[in-house]
Number of protein chains: 4
Amino acid sequence: MIDVIDVDTKQKLKNFVERIERLDEEKRNIADDTKDVMSEAKSFGFDLPTIRKIIRLRKMDSQKAMEEEELLDLYKQALDMA
Amino acid sequence: MIDVIDVDTKQKLKNFVERIERLDEEKRNIADDTKDVMSEAKSFGFDLPTIRKIIRLRKMDSQKAMEEEELLDLYKQALDMA
Amino acid sequence: MIDVIDVDTKQKLKNFVERIERLDEEKRNIADDTKDVMSEAKSFGFDLPTIRKIIRLRKMDSQKAMEEEELLDLYKQALDMA
Amino acid sequence: MIDVIDVDTKQKLKNFVERIERLDEEKRNIADDTKDVMSEAKSFGFDLPTIRKIIRLRKMDSQKAMEEEELLDLYKQALDMA
DNA sequence: GATGCGCTTTAAATGC
DNA sequence: GCATTTAAAGCGCATC
């Protein structure tokens with residue numbers, strides 16, 4: 001069991017924790033900004049789920065996108081959903 | 001079903017998508033910064049899982065404090081039944 | 001401010017809370033079962049994301065599924081992803 | 001790319017999908033039960049948002065208790081640096 | 001392979 | 001009562 005903790009070490013640990021918390025805060029702010037943009041898009045009549053899909057697709061390799069599609073078709077076929 | 005989009009609307013959609021992608025990019029950068037700080041902490045000999053846990057606990061603490069405050073008021077309402 | 005709370009009312013409240021917590025527990029157990037089945041499917045070589053998509057599609061009205069598809073195509077077109 | 005699925009594999013896939021759908025159904029039933037209990041509580045004059053909050057807080061409490069226990073051990077590790 | 005984290009989606013609550 | 005805003009649950013991803 002540790003009885004005494006080095007003051008310096010404690011301070012270092014505290015600093016790291018606070019730096020990370022600050023970064024987390026920034027991330028949350030950006031997430032809020034994203035929400036605002038989404039709302040704005042919605043108010044223009046755009047469909048949010050579709051916009052999300054588009055962003056996902058753009059980020060993705062087109063090769064991979066095709067393979068995903070094909071696999072889905074294959075499974076549909078197997079379940080007579082074709 | 002709508003099947004054509006005018007040029008102006010196309011541009012608007014493009015803008016929204018790009019703004020969101022930019023924000024996502026920023027978020028990723030911050031996540032990378034967090035990783036850097038984590039690595040630095042690790043190089044000082046700190047245990048990463050522990051640091052994460054501390055941060056989670058601190059977040060819970062502040063949330064809990066806020067909620068408990070409200071809860072008191074709510075209790076009055078809930079138990080002061082007709 | 002309420003100083004005293006009717007013992008009977010307290011008990012009733014407690015009972016409701018506990019019944020709900022019990023139900024939550026059951027739900028969690030079933031969610032765990034689902035995970036097990038998923039893992040088993042995976043170990044047979046099935047692709048989990050695709051299985052999820054299939055289930056979503058089966059649950060969904062086929063009319064609605066088509067509309068979703070069309071909207072996505074429309075947005076793709078607008079962003080020259082066609 | 002695979003483009004055919006043998007009969008046996010089809011059947012396996014179908015079974016997995018149906019098992020998962022069955023589990024989803026059960027979960028939905030329990031969620032309905034929860035709603036019933038909530039309604040009943042409400043008819044006794046209890047405030048639903050408050051009940052939710054109580055449950056959330058209780059869950060946080062038990063989580064927090066567990067985590068804090070572990071954290072003590074972890075701290076030793078983190079601060080007992082080489 | 002498992003755990004934690006963040007996003008998506010759906011349900012509820014409140015205000016108009 | 002409807003629609004907007006907010007909270008809870010579920011899902012998927014990334015990390016270790």
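In what follows, every chain begins at residue 1, and chains take the letters A, B, ... in the order their sequences are listed. Being a predicted model, the structure only gives us computed values, none of them experimental.
- Using a cut-off of 4.0 Å between Lys/Arg side-chain N and Asp/Glu carboxylate O, C:Asp32 and C:Arg28 are scored as not salt-bridged.
- Rounded to whole Å, atom P of E:dA12 lies 12 Å from atom CG of D:Asp36.
- No donor-acceptor distance shorter than 3.5 angstrom exists from the side chain of C:Tyr75 to the backbone of A:Lys53, with no hydrogens or angles considered.
- Ion pair C:Arg19/D:Asp33 not flagged as a salt bridge, since none of the NZ, NE, NH1 or NH2 atoms sits closer than 4.0 Å to an Asp/Glu carboxylate oxygen.
- D:Asp6 and D:Lys10 are not joined by a salt bridge, as no carboxylate oxygen comes within less than 4.0 angstrom of a charged side-chain nitrogen.
- One atom, CG of D:Asp24, and another, P of E:dT9, lie 17 Å apart when rounded to the nearest Å.
- In this entry the distance linking CD of A:Glu25 with P of E:dC5 reads 17 Å, nearest Å.
- Rounded to an integer number of Å, the gap from CD of C:Glu21 to P of F:dA9 is 12 Å.
- In summary, B:Glu18 and B:Lys14 engage in a salt bridge, as defined by a charged side-chain N under 4.0 Å from a carboxylate O.
- Put simply, CG on D:Asp32 is 15 Å from C1' on F:dA9, counting in whole angstrom units.
- Following rounding to the nearest Å, B:Ile20 (CD1) and E:dC7 (P) show an atom-to-atom distance of 13 Å.
- In this structure, D:Leu23 atom CG and F:dC11 atom C1' are separated by 15 Å, rounded to whole Å.
- Using a 4.0 Å cutoff on non-hydrogen atoms, the parts of residues 37-65 of chain A near DNA chain E are A:Arg52, ordered by number.
- Distance from the side chain of C:Lys27 is smallest to F:dA9 among E:dA12, F:dA9, E:dG6.
- Checked for salt-bridge contact, C:Arg56 and C:Glu68 meet the test: a charged N lies under 4.0 Å from a carboxylate O.
- Straight-line distance from the CG atom of C:Asp33 to the P atom of F:dG10: 14 Å, rounded to whole Å.
- Residues C:Lys35 and A:Lys35 both approach DNA chain E. Their nearest nucleotides, taken by heavy-atom distance, put C:Lys35 toward the 5′ side.
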